[in-house]
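To start, the structure under review is shown below, and the notes come after it.
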Amino acid sequence: MTEHDVHPSRRIARLSTRSSASELAAPIRALATEAVPARDRSLPAALCTVAGEIGFGPADRDESADREAFEAVLEPVVTGVTLLEGYVRLRLTLVGTAEDVTLEEAPTVDRDEGILASDLLHARTYAAVAETPVPDRRRLELYRVLLEGSTALSRQFLTRADADETADDRFGATATLAETAGAIGAAAVDASAETRTALRRYSHAMMTALASQSSATPDDVDPQASAARVLFDPTCQHAVASEAALEHATPAVERSLERARTALETLADGVTDDVSSPLGRLERATRIPFHQE
C-alpha cells in the first residue's frame with residue numbers, strides 16, 4: 001500500500017505528526033518518550049484492552065482469522081491510549097498539583113518543553129487512531145470519543161491549575177483518561193451502546209478508586225499496576241500488592257468500587273465463575289488492589 005492509497009484522514013494525521021516531530025529538539029522528543037508508561041503497567045491500556053475483548057464477544061474469540069483481525073484493530077487504539085496517558089502525565093506535572101502523577105526521571109519539567117512534548121503526544125494519539133483498520137464510520141466514532149475525552153481533560157487541567165480546586169477534582173483528569181480508554185476500546189470493536197456505557201462507568205469508577213488508594217498507600221505499593229496486571233493476564237491468580245497494602249479500602253474508595261460493581265452488573269447476570277474471562281478479570285480488579293489475598 002502506498003501513501004496515496006491511505007484514506008485522507010489517516011494520511012493527514014500521519015504526515016502532520018511526522019512533520020511536527022521532526023521539527024522538535026531531541027530533549028523534547030525524549031521527554032515525550034519518557035512520559036509514555038510501559039503498557040503492561042498502564043491501567044488505561046489494560047481497560048482499553050479488556051473493553052475491546054468484551055465488545056469483541058466470546059463467539060468470535062476462537063476463530064483465528066477473527067482473532068487476528070481483532071488484534072490488528074486493538075493494537076493502534078491501545079497504543080493511542082498509552083500516548084494519551086503520557087500527554088495527561090505531562091500536563092498534570094505542568095499544572096503543579098500532580099500528587100498522583102509524576103515522571104520517574106523528571107521531577108521537574110521545563111514549562112515550554114513540557115507543553116511541546118505533551119502536544120506531540122496528543123497529536124500522536126490521534127495519528128494512532130487514524131491507523132486503526134476499521135471502516136470510516138467507526139474511525140469517525142473513535143475520533144468523536146477521543147475528542148470528547150480530550151475536551152474534558154482540557155477543562156480539568158484548568159481546574160487543577162485553579163487555586164480553588166476541590167478534593168473531588170483531584171483525580172478528575174485520570175478518571176477521564178480511564179473512561180476515555182474504556183470507551184475507545186469498546187468503540188473500536190463496535191460494541192453496543194449499553195456495553196460502551198457500562199465500560200465507561202466502570203473505567204471511571206475504578207480509576208477514581210485506584211488513584212485514591214494509591215495516594216494513601218506506601219511508595220512501594222502501586223494499586224493501579226496491580227489492577228493492570230490482573231486485567232492483562234488471564235492466568236494471574238494471586239494479588240500483586242505487597243504486605244504493606246491497606247487491608248481495607250477507605251469509604252471514598254468503597255463508594256467508587258460500588259459504582260464499578262454496579263456497572264459490571266449491567267454487563268452480565270451476576271459475577272462470572274471464570275476468573276480468567278474479561279468480565280472475571282474486571283471483577284477481580286475491584287478486589288485485588290484493595291485487599292490482601
Side-chain angles (χ1 to χ4, degrees), residues 39-40 42-82 84-85 129 132-135 138-139 141-142 144-146 148-149 175-210 224 227-236 256-289:
R39 180 179 294 197
D40 63 354
S42 168
L43 180 61
L47 289 167
C48 180
T49 300
V50 177
E53 290 178 347
I54 290 174
F56 179 54
D60 303 325
R61 203 168 287 134
D62 294 332
E63 299 293 334
S64 60
D66 289 338
R67 183 69 191 184
E68 289 178 5
F70 164 71
E71 291 175 350
V73 168
L74 195 63
E75 175 61 27
V77 294
V78 175
T79 296
V81 164
T82 62
L84 186 64
E85 185 173 2
V129 169
T132 309
V134 293
R138 201 183 308 173
R139 188 176 301 109
E141 175 65 11
L142 288 172
R144 186 193 67 77
V145 172
L146 183 55
E148 181 181 309
T176 295
L177 167 65
E179 178 181 339
T180 302
I184 286 177
V189 296
D190 203 22
S192 68
E194 294 79 8
T195 297
R196 295 189 199 187
T197 298
L199 289 168
R200 273 180 175 272
R201 291 174 177 171
Y202 174 91
S203 299
H204 188 282
M206 276 302 298
M207 179 60 88
T208 301
L210 288 161
Q224 292 183 44
R229 178 174 172 180
V230 170
L231 294 177
F232 272 130
D233 185 2
T235 66
C236 183
S256 293
L257 291 178
E258 186 59 33
R259 288 194 291 270
R261 295 182 186 116
T262 299
L264 277 183
E265 290 174 359
T266 66
L267 290 170
D269 295 330
V271 177
T272 176
D273 292 331
D274 183 1
V275 296
S276 66
S277 70
L279 284 173
R281 279 139 55 203
L282 289 177
E283 193 278 329
R284 280 173 60 77
T286 67
R287 295 181 288 111
I288 282 183

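Note that these values count all heavy atoms, side chains included, but never hydrogens, waters or copies made by symmetry.
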Query - Test side-chain contact (heavy atoms from CB on, under 4.5 Å) applied to Q224 and M207, step by step - result: CA-CA 8 Å; Q224 292 183 44; M207 179 60 88; 3.6 Å; yes

Query - Residues F70, E53; criterion side-chain contact (heavy atoms from CB on, under 4.5 Å); working and verdict - result: CA-CA 9 Å; F70 164 71; E53 290 178 347; 3.9 Å; yes

From [X] [atom1] over to [Y] [atom2], what is the distance, rounded to the nearest 0.5 angstrom?
X: R196; Y: I54; atom1: CZ; atom2: CD1; answer: 14.0 Å
X: L257; Y: L210; atom1: CG; atom2: CG; answer: 7.5 Å
X: E148; Y: E179; atom1: CD; atom2: CD; answer: 7.5 Å
X: E71; Y: D66; atom1: CD; atom2: CG; answer: 11.5 Å
X: T82; Y: D40; atom1: OG1; atom2: CG; answer: 11.5 Å
X: L264; Y: L279; atom1: CG; atom2: CG; answer: 6.5 Å

Between [X] and [Y], which heavy-atom pair has the shortest distance, and what is it?
X: A51; Y: A186; answer: CB-N, 3.9 Å
X: V50; Y: L231; answer: CG2-O, 3.5 Å
X: T180; Y: G149; answer: OG1-CA, 3.4 Å
X: C48; Y: V78; answer: SG-CG2, 3.9 Å
X: A45; Y: V81; answer: N-CG1, 3.7 Å
X: L43; Y: A227; answer: CD1-CB, 4.0 Å

Query raised in the report: Around R201, counting heavy atoms of other residues, nucleotides and ligands shown, do more than 12 lie under 6.0 Å from its CZ?
Result: no

Report task. Determine, for E141 against R144, whether the closest basic-nitrogen to carboxylate-oxygen distance falls under 4.0 angstrom. Result -> yes

**Report entry** Steps toward side-chain contact (heavy atoms from CB on, under 4.5 Å) verdict (L146, L84)
**Finding:** CA-CA 9 Å; L146 183 55; L84 186 64; 4.0 Å; yes

Under a 3.5 Å distance rule, please check whether [X] uses its side chain to pair with a backbone N or O of [Y] as donor and acceptor.
X: R261; Y: E283; result: no
X: R139; Y: T132; result: yes
X: Y202; Y: L282; result: yes

Query raised in the report: So do P133 and P76 actually touch side chain to side chain, heavy atoms under 4.5 Å?
Result: yes

Query raised in the report: Will you find, in the side chains of R259 and S256, an N or O donor that is under 3.5 Å from an N or O acceptor?
Result: yes

